[in-house]
Protein chains: 2
Amino acid sequence: MVTMLDVARRAGVTKQTVSNVVRGRAIVSAETKAKVEAAIAELGYTPNLVARSLATGTTMTIGFIVPTIANPFYSEVVEVVETLLEEHGYHLLLATTRGDGERARRHLATLSNRSVDALLVAGDFDLSEHVPLLGEYGLPVALCAWEIDPPDTLPVVTIDYEKAGYLAGRHLRELGHQRLVSIAELPAHRVRVGGAHRAFAEDGIVVTDDSVFAIPDSTPESGYEAALLALSADRTADRTTAVFASTDAIALGVMEAVRHNGLRVPEDVSVVGIDDIPQAAHAHPPLTTVALPKRRMAQEATGLLLRGIAENQPPSPSLTLLSPEVLVRASSAPPAG
Amino acid sequence: MVTMLDVARRAGVTKQTVSNVVRGRAIVSAETKAKVEAAIAELGYTPNLVARSLATGTTMTIGFIVPTIANPFYSEVVEVVETLLEEHGYHLLLATTRGDGERARRHLATLSNRSVDALLVAGDFDLSEHVPLLGEYGLPVALCAWEIDPPDTLPVVTIDYEKAGYLAGRHLRELGHQRLVSIAELPAHRVRVGGAHRAFAEDGIVVTDDSVFAIPDSTPESGYEAALLALSADRTADRTTAVFASTDAIALGVMEAVRHNGLRVPEDVSVVGIDDIPQAAHAHPPLTTVALPKRRMAQEATGLLLRGIAENQPPSPSLTLLSPEVLVRASSAPPAG
DNA sequence: TTGAAAGCGCTAACAT
DNA sequence: ATGTTAGCGCTTTCAA
């Protein structure tokens, strides 16, 4: 392995001068610089980043802990974060928790041992119990996509998921729907359901618990099954005219089930989802949904961390709640009759 | 910051002993070990991984360069790789190229400077010109998901994409289809198209170039547009009865377009895709496709690298071609009449 | 079994 | 503008 000392000897200077050239410091004379660069080229020298990290105390990488990247929501967030980091010369150490709290803890333990300059944590379920630890690592930490009970001891950049549910509910209310069925991944999305119910409650309509169908994951298949159940449970006299799905993926399955029951979307049943996944716009009919500003979230969170590093102090506790937005498409309409 | 020396003093031993305890070496007496562990707990000591890396020359992280993780194909591969690495105590440094060759080069440059113990590279387009460099980094390198012209100078674990196309084509031939239309992201998937054509050529049917519709990306929308074009260009006398799509996403759009044209899948037109994405099985009708063994690929590639690290020598050049498999579902059937 | 010494390759003062 | 001197915190010889 060719080291800085090798280069220095070859160029007839000291390590320090080589270092100055490598780091692009302006204090090196043009001719020394040329000599050093020649030596670097001849020897094929490349600086050892680990040694630099030990000397500077900075690794130029940030850790990102996410539940999974199989879910497009997270993979998009990861991609945005990675791009932003790269623009600032930082690298991304990615760790997934996959619903495994123990695994999450291990990741936290290693990443915090100075192998990253800052830590971003997305999602909540697997990690919420470890939140108290996060503050003690002495490095900038931020949370994002924190749907349930964001802690007030750390900076968190997340989305107003309650509002997302509320907006979906209000949209249905404004169309004139009186009876709501919710199909949601629970408990993960209970805040969204709460928001939808609040919209109805505002108008004096109490949504009862038996209108909420819990499913274990956010897939079209689970949505389909639950919707079949929900529709069959329906009393014909007072039919459900609106279904709120806690994600677009679920909503896709719900629309399927509605059709399967010989009903039409939106003429017989309106369906509204949350997230605005790519397929939503191209579904049949195009799905009305509430778009979650995930890119914005990724940007804000990354910015927070980068600033924390630059100012050499952990960002102070704060809660940034980004607003979702309704996208009215063709899957929702006023109730018939 | 509390260092190993602090712990050593507190416990009344030397750094070396502390190190032995931390690394779990068996040579430490029970009582010294207890003293040291007490000191570690009291001081809240945690080892500095960067310093360890400098001393050992190993970082316990491997770099993975992928085109994007927005594409589920890659995100699934990344997730499998990450899981496998974690099981072996390794971390994942993730870098995306996003179709930017320059960016790819930068990533290569930094990652190779001893910040990773090995390098895995997926995809091809953005990086193919840099392949010659890969061998010179002195660290284990492997390629995966290399669809076009895998180099013979490096170990590569990829899928037999030509066979995937061939299997799709042969399936259609076996059903009795005589005329094929292909809708493919080109040039990325030209090997797949070639495979499909080979299946027809085997039976003496030459597929002409004007039956291939090139689209710029693998989305249902592009597939939809192209299929509309393809179907309208059709001479009624000699109608196309089979469409080969180079990915499932495209195939979904194709089925859409077929229906839009008042035709039925598979009665009037058979549609076959490649990849077996989750939606394929739940499409209407369920999509016949060729499943790509991406998990296997991720496993083999990771294993190759881990072995390379363990044996302290770069894995030797090799080509592992994993076989795809046809999944016959309801979107394909014998041609009418 | 434990201790002492010598690096790993680099950066950051300070001195020249 | 360049050289000198100390480390960064750990691991790894080699002695004791």
Side-chain angles (χ1 to χ4, degrees), chain A residues 1-40 43-61 89 110 112-117 138-139 312, chain B residues 1-37 39-40 43-61 89 110 112-117 137-139 312:
Chain A
M1 158 181 302
V2 29
T3 76
M4 194 170 260
L5 186 58
D6 298 327
V7 175
R9 282 204 263 258
R10 174 77 159 229
V13 296
T14 58
K15 280 197 306 184
Q16 177 55 23
T17 303
V18 177
S19 174
N20 286 147
V21 171
V22 169
R23 314 283 300 264
R25 292 222 206 288
I27 58 170
V28 189
S29 76
E31 57 176 338
T32 346
K33 188 174 169 215
K35 272 194 307 190
V36 171
E37 279 170 346
I40 288 176
L43 266 31
Y45 167 77
T46 96
N48 182 323
L49 266 23
V50 174
R52 177 179 294 174
S53 287
L54 181 60
T56 59
T58 147
T59 60
M60 298 305 282
T61 105
T110 20
S112 60
N113 282 203
R114 276 155 219 91
S115 51
V116 297
D117 292 346
L139 47 80
N312 194 27
Chain B
M1 159 181 301
V2 29
T3 77
M4 193 170 259
L5 186 59
D6 297 327
V7 175
R9 281 203 264 259
R10 173 77 160 230
V13 297
T14 59
K15 279 198 307 185
Q16 175 53 21
T17 304
V18 178
S19 175
N20 285 147
V21 172
V22 170
R23 312 285 299 265
R25 293 226 205 287
I27 57 171
V28 189
S29 75
E31 56 177 337
T32 341
K33 187 173 170 217
K35 271 193 307 188
V36 171
E37 280 169 346
I40 288 176
L43 265 30
Y45 167 78
T46 98
N48 181 324
L49 267 21
V50 174
R52 177 179 294 174
S53 287
L54 182 59
T56 59
T58 146
T59 60
M60 297 305 282
T61 104
T110 19
S112 60
N113 285 202
R114 276 153 218 93
S115 50
V116 297
D117 291 346
Y137 291 137
L139 46 79
N312 195 26

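Computed from a prediction, not measured in an experiment: that's the story for all the values here. The sequence lines fix the lettering, A, B, ..., with proteins before strands; numbering per chain opens at 1.
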>> Nearest whole Å is fine: how far is D:dC10 P from B:Leu5 CG?
In response: 9 Å
>> Rounded to whole Å, please give me the gap between CG in B:Asn20 and P in D:dC10.
In response: 14 Å
> Is any side-chain heavy atom of B:Asn113 less than 4.5 Å from a side-chain heavy atom of A:Pro47?
Replying inline: yes
> Between A:Val13 and A:Val18, does a side chain to side chain contact (heavy atoms under 4.5 Å, CB included) hold up when you go through it step by step?
Replying inline: CA-CA 7 Å; A:Val13 296; A:Val18 177; 3.9 Å; yes
> Of all the nucleotides listed (C:dG3, C:dC10, D:dG3), which has the minimum atom distance to the side chain of A:Pro47?
Replying inline: C:dC10
>> Does a side-chain N or O of B:Thr3 approach OP1 or OP2 of D:dG9 to a distance below 4.0 Å, or not?
In response: no
>> Tell me the closest heavy-atom pair linking B:Thr3 and B:Tyr45, and the distance in Å.
In response: C-CE1, 3.6 Å
> To the nearest angstrom, how far is B:Tyr45 atom OH from D:dG9 atom P?
Replying inline: 10 Å
> Can you tell me if the side-chain N/O atoms of A:Ser19 get under 4.0 Å from OP1 or OP2 in C:dT11?
Replying inline: yes
> Does the B:Thr59 side chain pair with the main chain of B:Ser53, one donor and one acceptor, at a distance under 3.5 Å?
Replying inline: no
> Can you tell me how far the CG atom of B:Asp117 sits from the OG1 atom of B:Thr56, to the nearest 0.5 Å?
Replying inline: 8.0 Å
> Under the side chain to side chain contact (heavy atoms under 4.5 Å, CB included) criterion, do A:Val50 and B:Val50 qualify, and how do the steps go?
Replying inline: CA-CA 6 Å; A:Val50 174; B:Val50 174; 4.3 Å; yes
>> Checking A:Arg52 against A:Val22 for the side chain to side chain contact (heavy atoms under 4.5 Å, CB included) test, could you report, in this order, the C-alpha distance in whole Å, the side-chain angles of both residues, the deciding distance, and whether it holds?
In response: CA-CA 12 Å; A:Arg52 177 179 294 174; A:Val22 169; 3.7 Å; yes
>> Rounding to an integer number of Å, can you tell me how far A:Asn48 CG sits from D:dC8 P?
In response: 18 Å
>> In the structure I gave you, are the side-chain heavy atoms of B:Val2 and B:Arg10 within less than 4.5 Å of one another anywhere?
In response: no
>> Could you tell me how far apart B:Met4 (CE) and C:dA5 (P) are, to the nearest whole angstrom?
In response: 18 Å
>> Within residues 27-34 of chain B, which residues have any heavy atom lying less than 4.0 Å from an atom of DNA chain C?
In response: B:Ile27, B:Val28, B:Ser29, B:Thr32
> Closest heavy-atom contact between A:Val28 and A:Lys33?
Replying inline: CG1-N, 3.8 Å
>> Just the rounded figure in Å: distance from P of D:dT2 to CD of A:Gln16.
In response: 11 Å
> What integer distance in Å separates A:Arg23:CZ from C:dA12:C1'?
Replying inline: 10 Å
> Given D:dT2, D:dT12, D:dC10, which nucleotide is nearest the side-chain atoms of A:Thr17?
Replying inline: D:dT2
> Can you tell me how far P of D:dT4 sits from CZ of A:Arg9, to the nearest Å?
Replying inline: 13 Å
>> Within residues 50-61 of chain B, which residues have any heavy atom lying less than 4.0 Å from an atom of DNA chain C?
In response: B:Leu54, B:Ala55
